[in-house]
Amino acid sequence: MAAGRVRRAPTRSCVACRTPRAKQELLRIVRTPTGEIRPDATGRLPGRGAYVCQGGGCLSLALTRGQLARALETTIPAEVRAALLTVPQTATHQGGERGEE
Ligand SMILES: [Zn+2]
């Protein structure tokens, strides 16, 4: 452990594109203890979570490629997939890297 390192905002990697981002920039999908799969806008629902970039592209990729199912260690029924893809996305632009941060 590097002592004296500045504590930074925790980052998570998008399961689709593997880009590490601050948690606030990602959409958390959670598998609740009851087996429900749902988007977690608060980031506080109990259960196993997986993160995708906001904006929709990575979420649909993660669903179609099975990365989300793998990350959540479950299978995602078609109706849940469809429901996830209709989640309102907060980001207004899609994809594209915006310089360095
Ligand atoms: Zn992504």
Side-chain angles (χ1 to χ4, degrees):
M1 284 303 192
R5 232 185 130 166
V6 182
R7 195 172 272 209
R8 307 184 55 179
T11 59
R12 293 291 182 274
S13 296
C14 167
V15 297
C17 68
R18 306 269 168 199
T19 304
R21 295 179 187 272
K23 282 172 80 172
Q24 308 92 273
E25 296 174 19
L26 295 160
L27 174 66
R28 182 172 187 248
I29 309 292
V30 67
R31 174 168 61 91
T32 69
T34 56
E36 203 184 343
I37 296 158
R38 52 190 292 187
D40 174 17
T42 66
R44 289 181 187 172
L45 289 178
R48 186 175 180 87
Y51 294 84
V52 292
C53 300
Q54 294 188 25
C58 284
L59 176 57
S60 57
L61 271 181
L63 284 168
T64 54
R65 290 179 183 168
Q67 289 157 317
L68 187 63
R70 208 174 313 143
L72 296 177
E73 297 175 345
T74 187
T75 53
I76 302 179
E79 69 266 23
V80 174
R81 270 191 226 197
L84 286 175
L85 290 174
T86 61
V87 170
Q89 300 290 329
T90 53
T92 51
H93 73 283
Q94 301 233 60
E97 297 295 293
R98 296 224 254 164
E100 57 253 281
E101 280 242 321

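Ligands are counted one by one from 1 in listed order, and the atoms in each one are counted from 1 as well.
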- Message: Hydrophobic clusters here meaning ILVMFWY residues chained together by side-chain heavy-atom distances under 4.5 Å, can you tell me if Leu59 and Ile37 are in one?
- Response: yes
- Message: Are Leu84 and Leu27 linked, directly or through intermediate hydrophobic residues, by side-chain heavy-atom contacts shorter than 4.5 Å (ILVMFWY only)?
- Response: yes
- If only protein N, O or S atoms under 2.8 Å count, total around the Zn ion (ligand 1): 4
Distance-only check: which donor-acceptor pairs under 3.5 Å involve side-chain atoms of residues 41-53, not counting sequence neighbours?
unit_1: Thr42; atom_1: OG1; unit_2: Asp40; atom_2: OD1; d: 2.9
unit_1: Thr42; atom_1: OG1; unit_2: Arg44; atom_2: N; d: 3.2
unit_1: Arg48; atom_1: NE; unit_2: Ala71; atom_2: O; d: 2.7

Which pairs would a plain distance check flag for residues 9-18, meaning a side-chain donor or acceptor within less than 3.5 Å of a matching protein atom at least two apart in sequence or in another chain?
none

- Task: For atom CZ of Arg38, decide whether the heavy atoms of other residues, nucleotides or ligands shown that lie under 6.0 angstrom number more than 12.
- Result: no
- Query: For Thr32, which residues count as a side chain to side chain donor-acceptor pair (under 3.5 Å) partner, sequence neighbours excluded?
  - Reply: Thr34
